[in-house]
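Comments concern the structure below.
Numbers restart at 1 for each chain; the letters A, B, ... are given by sequence-line order, proteins then strands.
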Amino acid sequence: MSELLIKNGRVFDPINSINGDIMDIAIKNGKIVDDIPLSPDTKVIDASSMIVMPGGVDAHSHIAGSKVNSGRIMCPNDGRSGIEKRTKITRPCSGYTVPNTFAMGYRYAKLGYTTVFEAAIPILHARHTHEEFGDIPIIDKGGLVLFGSNWQVMEAVRENDIEKLAAYVAWGLSASRGYGVKIVNPGGGEAWGFGKNVSGLHDTVPNFDVTPAEIITGLAKANEMLHLPHSIHLHCNLLGKPGNYKTTIETMKLLEHIKPSMDRQVVHITHLTFNAWGGTNWGDFESKADAVADYLNQHDHVTVDMGQLIFGNATTMTADGPMQYANARLLATKWTNGDVELEDASGVVPLSYIRKMYIHDIMWAVGLEVALLTKNPWQVLLTTDHPNGGPFVNYPEVIALLMSARKREEEMSKLSNKMRDRTTLSGIGRELDWYDIAIKTRASHAKILGLTDHGKGHLGAYADADVTIYHINPDQVDAGREHATVKKAFEKPAYTIKDGKVVAMNGEITATPEGRTFWVNASVPEEDNTRLMKDLRLKFRKYYSINLANYMVQDSYVKHPVVIKAGGS
Amino acid sequence: MQTVTLTPIIQSKISIEAETITPDNFAGKTREEIENITIWEGNHKTRLFEFFKIALEGKDSPENTKIIINGSIPRVKRVGEGMTDGMILINGDVDMHVGAKMQGGVITVKGNADSWAGREMKGGEIIIGGDAGYYLGAGYRGESCGMRGGKIIVFGDVKDYAGEHICGGEILIKGSAGLMPGISNNGGIITIEGNTEMPGAEMKKGTIKINGVVETLVPSYKQEDDEEIDGIVYNKYTGDVVAGGKGSLYIKK
Amino acid sequence: MEITDAICSFCGSLCDDLTVKVEDNKIIDVKRACRLGASKMLGHERINSPMIRNEAGILEEASFDSAIDKASQILLHAKRPLLYGWASTSCEAQSKGVLLGEILGAVVDSTASVCHGPTTLGVQEKGLPTASLGQIKNRADLIIFWGCNPIHAHPRHMSRYSGYLPGFFLDRGRQNRKFVTVDVRMTETAAISDEFLQIEQGSDYVVLSALRALVNGKDDLVPDVVCGVSKEDLVRLSGMMRSCRFGAFFFGMGLTQSKGRYKNIDCALSLTNDLNTQTKFVITPLRGHYNVTGFGQVCSWQTGFPAVDLSRGAPYYNPGEMSANDLLMRDEVDASLIVASDPAAHFPSTSVRNLAKMPLIQIDPYANATTEIADVVIPTAIVGVETEGTAYRMDGLSLRLRKLVDSDYPSDEEILDKIIKKVSRKGDVC
Amino acid sequence: MKCDVNIITGRTIDQGANIDSKLSSDYFNACARCEIGAEDLKTLGLSEGSHVKVSTRFGSVVVSLALCDGNPEGVAFIPMGPWANTVVNPDTHGCGMPGFKGILGSLEPTDEKPLDLKALMSLYRE
């Protein structure tokens with residue numbers, strides 16, 4: 001029995017429409033409760049003059065698995081940049097863009113985050129992802145599973161057998177102990193199997209006679225047929241190419257007619273920093289964030305995240321194999337590729353985003369423009385697509401940029417003039433408030449993932465007692481002017497509380513409990529499953545390099561699982 | 001002027017990590033303070049006086065601080081790491097990473113220096129009277145840049161990968177060099193008076209000049225017209241073409 | 001009893017299609033295993049009991065508790081302990097090894113440093129353009145074996161992944177594929193290849209550079225003969241590489257141990273990268289022990305580096321300085337713990353001599369050369385036969401090894417855990 | 001009589017199949033050997049199975065000779081193992097990997113017999 005009372009904080013809990021009210025938050029046995037009697041054993045945190053928010057939730061980050069580890073192995077130079085010694089309660093840390101697993105957990109917790117989702121897991125490599133999850137302390141985790149170039153998916157789409165497709169999605173989530181459907185450059189991964197790519201939504205995937213558009217709509221239908229808590233999560237075709245905003249908008253349009261099976265978006269399109277681009281080449285490259293935001297302002301079936309670029313080192317990692325090779329050739333840098341049989345591709349390319357290189361400057365602006373030009377704060381999540389746009393430890397920088405037009409102006413003064421000419425950023429006066437930030441860093445993440453009913457992203461009764469308390473008084477700080485103060489406060493929360501336990505204080509780890517892993521177990525009609533298994537048995541016998549019996553992630557790999565049930569009605 | 005003399009009293013078998021031995025760190029300190037400076041013997045944290053007898057004269061700023069190591073310290077690593085000014089004189093051999101990340105000042109090694117001497121050096125000068133080991137003036141694993149500035153002179157021979165990833169600065173080797181000196185050269189100048197093997201592979205920019213015999217040249221250099229430098233006629237090559245390189249490789253005719 | 005889909009824990013191929021027949025808790029037959037796998041599964045003579053070397057220099061049987069106690073005392077008093085091996089045990093045990101390294105302030109290095117360690121150094125220069133083995137099975141119409149002899153070291157590799165089986169895009173298997181072997185001598189692998197390019201020992205870097213020049217259209221720069229290989233042969237090989245639909249480059253110790261070491265890998269990686277401008281090409285190291293890949297993975301996600309010096313409480317990585325042989329050659333190590341490997345059989349004599357001088361603890365199922373110089377010997381269960389655990393295939397795929405028979409021996413993980421408890425201070429993270 | 005060779009070491013299937021029974025005679029037979037081509041065999045004036053002393057500047061060892069048609073002249077192959085390791089080059093060239101291949105040395109006939117594993121290892125404990 002542990003009790004904790006957070007007194008007199010200024011609470012921002014957007015899911016419960018609480019906007020800065022002075023309130024007490026009571027915690028009992030790891031959950032938020034309506035009220036607790038103040039017994040002598042109750043620990044009290046005086047949060048007067050401080051901001052209280054639900055623990056941060058990150059719906060899109062690359063924190064574990066084969067790609068992340070490839071990044072570590074190929075970049076010992078990154079490893080040495082974040083060295084921290086072992087302490088009495090923490091394991092040693094390393095890395096900046098690709099921290100070791102321990103640092104991953106500690107740094108998120110120190111930043112006030114308590115739940116983080118890994119955004120790209122090939123089913124075949126899911127065991128590895130869970131092994132790393134097991135070594136990421138403190139935070140709760142879940143993972144999105146790659147389906148976009150999967151043979152079984154493309155065949156079912158080609159046959160227009162959405163029931164079988166749904167059965168495969170359900171099976172794949174179960175096999176990988178995964179949470180949701182991720183689609184990366186649909187069809188492109190397969191084309192990359194022979195060194196090619198797909199050129200757009202309606203290009204035919206070689207050898208499979210389907211188009212990216214058909215893969216996306218097919219998976220969206222299957223996703224809704226299964227009532228999955230999260231929508232499809234999509235990395236669009238042509239990402240990383242000038243002019244791709246058209247494809248991005250076209251992709252959004254493609255899904256207008258699909259009805260969500262629950263109260264959420266139909267599609268989440270990720271890291272807009274990399275696909276709201278105009279121009280036809282790197283010479284006339286420009287931002288088209290305004291066009292994308294216009295579309296978002298008129299449609300509510302789409303949510304997006306920023307994937308904000310952070311100047312300095314990044315390690316790009318994605319299932320978009322062909323894009324990564326193009327990157328590596330363009331930048332003449334290291335390149336790791338990891339095609340996954342029958343399922344997908346991947347690439348890892350370390351790079352640096354450099355101020356005054358106008359392409360990088362424009363990319364930097366795109367993420368901010370999307371966030372600021374889209375009116376509904378719930379529609380755009382704050383992310384850096386860690387570590388693609390930059391490491392997650394820079395979220396406070398992004399928060400300060402969103403809250404302060406002055407900070408943006410200061411930053412723009414260090415950038416190229418082309419950036420001003422080719423983006424709308426300098427004309428945007430909008431400054432987000434604390435409530436908006438609470439939405440963009442936790443509430444909306446949880447809502448978009450479908451986790452609010454599972455205790456995440458809010459401070460209502462029975463929610464997980466994941467709470468962050470920031471050393472900043474919204475009455476006294478004008479975020480627009482005092483952006484440095486804001487950034488500092490978000491860099492070192494006074495308290496991060498996970499399941500009712502203080503895990504970090506003022507940037508120091510105080511406890512290292514093990515987090516949970518969310519996964520979705522969706523049921524499908526037996527007959528669909530029977531048809532599916534017939535296909536899969538053949539695939540394993542002939543084409544996979546391992547047997548079906550050794551494929552599924554065994555339960556022993558999933559520490560503290562939380563199984564969310566789904567399935568057709 | 002401040003002069004600190006360190007006389008080795010024990011030769012440790014385990015390498016001592018002593019990145020704390022720099023003029024920057026010694027300047028202005030008393031003898032007792034210097035004696036108590038932290039060094040590491042494996043996993044054991046210890047202090048300078050456990051391994052050195054220390055004599056001190058004067059008290060001054062880093063630029064006017066001279067450290068004399070009176071004897072060989074073949075198991076003391078990282079001496080002079082990151083130093084910005086002043087002088088270190090080692091009257092004998094020194095272990096790995098001497099002058100790593102050095103930014104200024106002068107290090108003189110009378111004897112031999114082990115591998116990674118002048119790793120990622122940015123400025124200053126390292127003079128090695130004897131031989132040097134592997135990776136002289138090179139980089140760290142996975143980094144794209146090794147030495148960026150300053151000068152290293154080795155009077156003896158050096159082993160493989162001298163100046164790997166060098167991006168600036170100058171290395172002069174009076175003796176012979178091992179395999180692949182100046183591999184991935186991206187803007188540094190390397191001169192080898194003696195012989196070497198497979199110089200300059202993947203060179204992008206910079207210059208490598210060899211006055212001795214080159215055992216093997218990688219087959220991806222373009223031969224240009226001969227050039228005369230300081231009265232010596234050289235075969236001139238540019239490359240490495242597989243890296244899109246425009247480096248210059250001079251081999252004495 | 002028959003156990004199907006059993007995974008072989010011998011080499012980095014991790015074949016997962018074995019059928020093992022068990023009677024009276026003994027494996028009496030193994031189907032589909034190669035000679036290496038079968039020899040392991042069917043068993044060898046074991047170390048019976050823990051042993052401690054007495055003052056007369058003789059190994060004497062001891063209890064597990066006293067052996068663990070003695071081991072812990074040795075490690076606790078060391079200033080430069082080396083925890084080495086890890087290739088033939090589970091990721092779970094490797095993970096304990098890293099933790100023990102943190103607590104002791106030790107160097108934790110694996111057999112990769114005398115195997116594909118240089119490959120990792122090459123990858124750190126250029127990245128690793130690779131693919132899963134199934135991808136190669138389904139697509140590769142050109143297979144290059146460079147400095148490796150899978151017929152000896154990975155006997156089922158060709159039949160399962162890299163040659164004989166039909167794949168989705170190659171329905172006639174071997175007939176659809178060309179094999180090319182590059183080596184300094186005519187090996188069995190070379191003998192069954194369509195092409196054999198015999199090169200001078202130690203000339204790999206130069207030959208690879210010449211191929212790079214050719215692939216990049218710089219034919220005019222390549223001399224008529226490159227280290228004994230005719231330009232004509234090189235032009236033909238580069239032509240095959242450029243015109244295949246999907247090429248797979250496998251390599252072994254012929255590259256990692258020859259002159260230039262990791263620079264050979266670096267060059268092969270660049271060649272692979274270049275070839276992707278014209279076709280699809282991937283490259284994969286043939287990893288030896290069944291879980292040497294796993295150590296690199298575990299150590300990297302836990303510390304950021306594929307091998308690590310934790311002497312100052314924070315991870316430090318620099319092969320050539322903190323690798324087992326560098327430390328041993330310099331006689332820096334003052335105590336060592338050897339887990340699931342046999343450095344006394346596989347290190348140069350200088351290293352072995354220095355290893356023998358200092359206290360040495362061995363954790364292993366079998367008596368081997370290291371046992372002959374060990375001071376404390378602790379026998380354990382065989383992972384993948386007597387105990388479960390995770391292992392990584394050479395292409396980075398993790399698999400769950402099965403337990404096939406019961407055993408009275410504790411696992412490596414359990415022994416390491418006991419040592420960890422003995423050497424930790426109260427309240428420390430572990 | 002004497003023959004200069006470039007020595008390479010490496011895996012063989014016999015070495016691998018006996019790797020967990022290193023005290024066995026099968027392991028001894030698999031590893032205490034040196035494979036050379038017919039020309040070198042002729043130079044030495046020896047036949048397969050004869051004992052030969054392998055010497056390099058790092059040490060020497062006595063092993064049995066075997067004929068390997070695949071070996072070009074001047075290349076000697078010794079399976080990886082304790083016998084090979086007495087003659088390999090310990091220098092790691094700054095990257096952790098000793099010189100297991102490309103070691104220059106010589107072969108010469110000898111009356112000595114190869115040591116078995118225990119005898120070989122006991123030298124290290126002296």
Part of [X] within contact of chain D (heavy atom distance under 4.5 Å):
| X | answer |
| --- | --- |
| Leu328(C) | neither |
| Ser323(C) | side chain |
| Arg330(C) | neither |
| Asn368(C) | both |
| Glu321(C) | neither |
| Thr256(C) | both |
| Pro155(C) | side chain |
| Phe10(C) | side chain |

Distance, nearest 0.5 Å, that separates [atom1] of [X] from [atom2] of [Y]:
| X | Y | atom1 | atom2 | value |
| --- | --- | --- | --- | --- |
| Lys357(C) | Tyr124(D) | NZ | OH | 13.5 Å |
| His44(C) | Asn18(D) | NE2 | CG | 6.5 Å |
| Trp83(D) | Ser349(C) | CH2 | OG | 14.0 Å |
| Asp14(D) | Leu36(C) | CG | CG | 9.5 Å |
| Cys148(C) | Arg11(D) | SG | CZ | 12.5 Å |

Verify, without hydrogens or angle tests, whether [X] (side chain) and [Y] (backbone) share a donor-acceptor contact under 3.5 angstrom.
| X | Y | value |
| --- | --- | --- |
| His152(C) | Ile13(D) | yes |
| Arg261(C) | Met97(D) | yes |
| Asn85(D) | Ala345(C) | yes |

Hey, does Ser258(C) have a side-chain heavy atom less than 4.5 Å from the side chain of Phe100(D)? no
Flag the one option from [options] with the top tally of heavy-atom pairs under 4.5 Å to chain D.
| options | value |
| --- | --- |
| Arg46(C), Glu45(C), Met186(C), Lys40(C) | Met186(C) |
| Leu327(C), Asn149(C), Asp342(C) | Asp342(C) |
| Ala38(C), Ala369(C), Ala356(C) | Ala369(C) |
| Arg35(C), Met253(C), Met329(C) | Arg35(C) |
| Val352(C), Leu121(C), Thr350(C) | Val352(C) |

Closest-packed option against chain C by number of heavy-atom pairs under 4.5 Å, given [options]:
| options | value |
| --- | --- |
| Cys31(D), Gly94(D), Pro98(D) | Pro98(D) |
| Gln15(D), Met80(D), His93(D) | His93(D) |
| Asp20(D), Leu117(D), Thr92(D) | Asp20(D) |
| Pro82(D), Cys95(D), Gly81(D) | Cys95(D) |

Minimum heavy-atom separation for Tyr27(D) and His346(C), please, with both atom names. OH-NE2, 4.3 Å
Relative to chain C, which segment of [X] carries a heavy atom at a distance below 4.5 Å: side chain, backbone, both, or neither?
| X | value |
| --- | --- |
| Asp69(D) | neither |
| Asn71(D) | both |
| Ile19(D) | side chain |
| Leu120(D) | neither |

Could you please spell out the steps behind the side chain to side chain contact (heavy atoms under 4.5 Å, CB included) verdict for Arg185(C) and Ile8(D)? CA-CA 10 Å; Arg185(C) 56 187 201 127; Ile8(D) 53 177; 4.0 Å; yes
Applying salt bridge (charged side-chain N to carboxylate O under 4.0 Å, His left out), run through Arg125(D) and Glu372(C) and close with a yes or a no. CA-CA 8 Å; Arg125(D) 287 199 288 113; Glu372(C) 298 297 310; 5.0 Å; no
